[in-house]
Each structure stands twice: as C-alpha cells, then as structure tokens.
Amino acid sequence: MNTAEIVFASDLANLSAALDFVRAQCRFAGASDDETFACELATDEACTNIIEHAYQGRKDGEIRLTCLWADEVFIIRLHDRGQPFDPTAVAVPPRAARLEDVEIGGLGLHFMRSLMDEIRFEFDPAGGNTLTMVKRLSHGAAAPREPR
Amino acid sequence: MADLNMSVTELKRCVLVKLSGRIDSSKAGEVERVFQDLESQGRFRIVLDMSEVEYISSAFLRVLITHMKKAKRFNRGNIYLAAMPPRIRDVFELSGLLPVFKVYDTVVEAVGDW
C-alpha cells in the first residue's frame with residue numbers, strides 16, 4: 001500500500017492545496033478522471049465539514065489528510081481533533097422538485113456517500129476523529145510510482 | 001487546473017456572468033460576492049456561462065440556490081445556467097437539484113430567453 005500525507009490548519013484557505021494533493025495522488029494511483037473527480041469532491045465536502053462542524057470555524061485546528069492506495073483501491077483518511085461530527089449519521093434531505101422546497105443542508109454528505117464506495121467514521125476521545133473514505137478503482141492502477 | 005476567474009458583462013436584457021476554472025468550497029464565497037453586487041444594483045436577470053467551469057462542490061450549489069431564490073422573488077428575475085460541461089452537469093444531477101434550474105445548452109439560447 002502506497003501512502004502520502006499532509007497536515008494543514010483548519011482554514012478554508014488551505015482547501016485548494018489539499019485538493020491539489022488528492023488529485024496528484026489519484027494520478028499516481030492511476031485513477032480515471034471520473035474517479036479523481038469523485039475523490040476530490042468527497043475530500044472537499046469532508047474537509048469543509050471538519051472546518052465548519054468539528055472545529056466550528058476555528059482556523060488553527062489540525063487536519064491530517066492521508067491518501068493510501070493499492071492496485072484497485074484508493075483510500076482517503078481525514079483526522080481531526082475537533083468536536084465529534086459523524087457524517088454517516090446525518091440524514092440527507094429529500095430531493096425537492098420546487099426551488100421553494102429545496103433544503104440547503106446535507107448535500108455535501110449526500111455527495112460523499114454517493115461518490116465513494118464506503119465511508120466510515122471513528123471517534124476516539126483521546127485520539128480524535130477519523131473519517132475513512134474508500135474508492136474502488138475500476139481498472140486497477142498502473143505500476144505504483146513514488147508520491148511527490 | 002485553473003483558478004477561479006469571473007467576468008460580468010451587462011447585456012440589454014440581462015447580465016452575463018462567465019465563470020471559469022475551479023469553484024471549490026473555499027471559492028464559492030467569491031461567486032457569492034458577484035451575486036451580492038448585482039443584487040445591490042438591482043440586477044436580477046442573470047445568465048451563468050459555465051462552459052469553462054472545471055469543478056464545483058455543494059458550497060457553490062448552496063450559493064446558487066440562495067441567490068436564485070432572491071432573484072425569483074417578486075418575479076423580478078432568475079439565474080439561468082448555460083453550457084454546462086458534462087462533469088459539472090453530473091454534479092447537478094447527483095444533487096437532485098437539476099429540475100429546479102433552467103438549463104440551456106448554449107449561452108445564446110439562455111440570453112435569448114430573456
């Protein structure tokens with residue numbers, strides 16, 4: 001299993017760089033464009049939840065983003081030490097046909113669940129929160145290369 | 001991968017807002033400021049040219065829904081979406097929100113509908 005990791009502060013200003021990192025690792029793993037897009041979007045939504053909910057807007061919390069991959073699987077792991085926030089336990093609002101009925105919340109979680117094959121949340125009172133998201137790669141990866 | 005760029009063109013019957021590049025959750029606020037500026041000028045008939053948008057997240061959809069509701073109030077306008085690349089359309093479809101938007105294949109069609 002190949003591994004690459006970055007650690008950054010819980011500031012939205014760091015999000016674009018974190019997504020660049022995920023995109024680069026997806027490329028190393030040989031993920032398709034669609035799979036890469038899915039991993040990026042799931043990471044975007046998960047990081048935004050951590051910043052807004054776990055750290056409640058604090059900009060100095062620590063977020064550890066780890067990408068792990070083998071031939072047919074790409075795993076994104078996000079660790080924080082904020083308030084426990086379990087995205088897998090939040091209900092997704094029903095789809096609305098009329099603009100007036102559209103509920104704004106819950107979409108990010110819906111994306112994470114829909115785009116990834118598996119998402120798992122673990123809370124450890126001493127160690128913090130860990131969100132693991134798994135994407136199966138449809139064609140298997142090319143020969144592993146060194147992460148940048 | 002391009003950063004977010006925005007341009008605003010005043011047309012006779014509407015305002016054309018062209019978005020290019022990546023609109024991740026940290027950039028949705030920049031789009032929101034454009035909508036707020038237009039609202040403060042009383043401009044509510046908007047066409048979004050999305051032909052060069054490479055990436056969006058739910059934060060952008062939230063901004064869009066919020067300002068579309070404002071634009072449609074008192075029947076004073078709307079935000080039409082034009083020329084969505086397939087991958088961006090996929091995100092709208094995944095959100096289940098596509099039916100609430102007016103979507104056009106081309107900018108010309110969207111502008112012509114005002």
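All values reported here derive from a predicted model rather than from experimental measurement. The chains referred to below are lettered A, B, ... by the order of the sequence lines, with proteins before strands, and numbering in each begins at 1. Side-chain atoms are counted along with the backbone in the values below, which use heavy atoms only and exclude waters and symmetry mates.
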Heavy-atom contact with chain B under 4.5 Å, split by part of Asp33(A): both
Polar contact flag, side-chain donor to acceptor under 3.5 angstrom, Ser58(B)-Glu45(A): yes
Taking atom OG of Ser16(A) and atom CD1 of Ile23(B), what is their separation to the nearest 0.5 Å? 11.5 Å
Does CZ in Arg136(A) sit with more than 12 non-hydrogen atoms of other residues, nucleotides or ligands closer than 6.0 Å? no
So which heavy atom on Phe37(A) is nearest to which on Arg87(B), and how close? CD1-CD, 3.0 Å
Which of the residues Ile56(B), Asp90(B), Leu98(B) is involved in the greatest number of heavy-atom pairs with chain A at under 4.5 angstrom? Ile56(B)
Are Leu78(A) and Leu68(A) linked, directly or through other ILVMFWY residues, by side chains that come within less than 4.5 angstrom of each other? no
In terms of hydrophobic clustering (I, L, V, M, F, W, Y; side-chain heavy atoms under 4.5 Å; direct or indirect links), are Phe44(B) and Met6(B) co-clustered? no
Test your reading of the model: is there a side-chain donor-acceptor pair from His110(A) to the backbone of Gly96(B), 3.5 Å cut-off? no
Thr48(A) portion near chain B, given a 4.5 angstrom heavy-atom threshold: side chain
Minimum heavy-atom distance Ser25(B)-Leu12(A), with the two atoms named: O-CD1, 4.1 Å
If you tally heavy-atom pairs under 4.5 Å between each of Leu41(A), Leu115(A), Asp34(A) and chain B, the highest tally belongs to Leu41(A)
So what's closer than 4.5 Å to chain A heavy atoms on Tyr55(B): side chain, backbone, both or neither? both
Side chain to side chain, Phe111(A) and Ser57(B), heavy atoms closer than 4.5 Å: no
Same apolar cluster: Ile75(A) and Met116(A), side chain cutoff 4.5 Å: no
Side chain, backbone, both or neither of Leu19(A) within contact of chain B (heavy atoms, under 4.5 Å): side chain
Linking I/L/V/M/F/W/Y whenever their side-chain heavy atoms sit closer than 4.5 Å, directly or via other members, would Leu16(B) and Leu38(B) fall into one cluster? no
Are Glu40(A) and Asp24(B) side-chain neighbours, meaning at least one heavy-atom pair lies under 4.5 Å? no
Ile51(A) versus chain B, the contacting section by heavy-atom distance below 4.5 Å: neither
Is there a path of hydrophobic side-chain contacts, each under 4.5 Å between heavy atoms of I/L/V/M/F/W/Y residues, joining Val53(B) to Tyr104(B)? no
Euclidean distance, Asp44(A) CG relative to Lys27(B) NZ, rounded to 0.5 Å: 10.5 Å
Proximity breakdown for Asp11(A) and chain B, heavy-atom pairs closer than 4.5 Å: neither
CG (Asp60(A)) with more than 12 external heavy atoms under 6.0 Å: yes
